[in-house]
Structure formats: C-alpha cells, structure tokens
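No hydrogens, no waters, no symmetry mates; every other heavy atom, side chains included, goes into these values.
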Amino acid sequence: QIQLVESGGGLVQAGGSLRLSCAASGRTFSNYVVGWLRQAPGKEREFVAAISWSGGATYYPNSVKGRFTISRDNAKNTVNLQMNSLKPEDTAVYYCAARAAGLLTRNTRDYDYWGQGTQVTVSS
C-alpha cells in the first residue's frame, strides 16, 4: 500500500493560479494511476484529472480541460496539478487518489488510496 499527502491549497483570486502537489510514500508509486478529485460543500465528489503510470496519458473532464494540467515525477514520488484561470466554482477540497495499474478512470470508487485533502478557495 501507499500513503498520499496533498499540499499547495490556499486562497486565490479568480483568474489566478495554484499548484497542488501529492507526495507518495514508498518506491512503487510509478506503478499506480493517480488522479485528482474534488468535493465542494453539498456536492458529490467530482473527478478533476488522472495520469497514467508512465505519465504519457492524461485525462480531464471538460470543466477543467485547458486550464488544469496534471504531471508526475516518479523519481520524486510526486504528482502535481497546475491550476490556471481559476474560477469560483473551482472552490473545493482537492484530493489526491491512486489505484493499482489500470485504465484511467473518473469513477471515485475505482481509486484505492486517498490523501487527506487540501482546501482550494477561489474568490470573485
């Protein structure tokens, strides 16, 4: 198993940028598909981005495509989420999640390991 810890959340004005990081324990991180998911108050958890074990494939919903970029550095056991052109509707707790090697997925139940989450707040 692995452990995930998110960082980088905070308060930003609309149109600004934030970079979230997910640090994983162990040396097997490269074998996992990693995703970012978010949850706003009163709403269901929503898929944001996913990246393959090699970093060669990424997957985004239309709501963030073109604004968010997921990347990974397996040597550092780190996955990042660069968020640009932030909107108030992006406000949520952002979670890093991982699953054993497989297809990229947007289904929250497909992820096996979760971080504690980091708060992102975008003001108008």
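Looking at T118 and S7, their side chains never come closer than 4.5 Å, going by heavy atoms from C-beta outward. In this structure, L37 and W114 have side chains that are in contact, with non-hydrogen atoms separated by less than 4.5 Å. Proximity of K87 to S63: side-chain heavy atoms (C-beta onward) are nowhere separated by under 4.5 Å. For the pair R67 and M83, the minimum side-chain heavy-atom distance is 4.5 Å or more. Looking only at side-chain heavy atoms (C-beta outward), T105 and Y59 stay at 4.5 Å or farther from each other.
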Query - Stepwise side-chain contact (heavy atoms from CB on, under 4.5 Å) check, Y32 with Y113 - result: CA-CA 10 Å; Y32 290 81; Y113 304 98; 3.8 Å; yes
Report task. Evaluate the side-chain contact (heavy atoms from CB on, under 4.5 Å) criterion for residues I70 and Y60: first the C-alpha distance (whole Å), next the side-chain angles of each, then the deciding distance (0.1 Å), finally the verdict. Result -> CA-CA 9 Å; I70 188 172; Y60 307 92; 3.4 Å; yes
Requested in this report: Go through Q82 and N84 one step at a time and tell me if the side-chain hydrogen bond (donor to acceptor under 3.5 Å, both in side chains) criterion holds.
Outcome: CA-CA 7 Å; Q82 179 66 45; N84 298 326; 3.0 Å; yes
Report task. Check the pair I51 / W36 against side-chain contact (heavy atoms from CB on, under 4.5 Å), numbers first and verdict last. Result -> CA-CA 9 Å; I51 189 166; W36 285 94; over 6 Å; no
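Panel note: side chain Q116, backbone V5; no donor-acceptor pair is recorded below 3.5 Å. Side-chain atoms of R72 do not come within 3.5 Å of backbone N or O of V33 as any donor-acceptor pair.
With sequence neighbours excluded, the residues that form a side chain to side chain contact (heavy atoms under 4.5 Å, CB included) with V122 are V12, A14, L86, P88, D90, T91, V120. For F68, there are no ring-ring contact (aromatic ring centres under 6.0 Å, His included) partners, not counting sequence neighbours.
In terms of heavy atoms, V34 sits closest to C96 at CG1-SG, 3.8 Å. The two residues L20 and G9 come nearest to each other via the heavy atoms CD2-N, 3.5 Å. Closest of all the heavy-atom pairs between A98 and I2 is CB-CD1, 3.7 Å.
Surrounding CG of L11 are more than 12 heavy atoms belonging to other residues, nucleotides or ligands, all under 6.0 Å away.
The CG atom of L18 lies 9.0 Å from the OH atom of Y94; values are rounded to the nearest 0.5 Å. Here CG of N80 is found 8.0 Å from CG of D73. Values are rounded to the nearest 0.5 Å. To the nearest 0.5 Å, the span separating CD on Q119 from CD on E6 amounts to 12.0 Å.
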Please list, one pair per line, the donor and acceptor atoms closer than 3.5 Å that link side chains of residues 39-50 to other protein atoms, with sequence neighbours excluded.
| from | atom 1 | to | atom 2 | distance (Å) |
| --- | --- | --- | --- | --- |
| Q39 | OE1 | R45 | NE | 3.3 |
| Q39 | OE1 | R45 | NH2 | 3.1 |
| Q39 | NE2 | K43 | O | 3.2 |
| E46 | OE1 | R38 | NE | 2.9 |
| E46 | OE1 | R38 | NH2 | 3.3 |

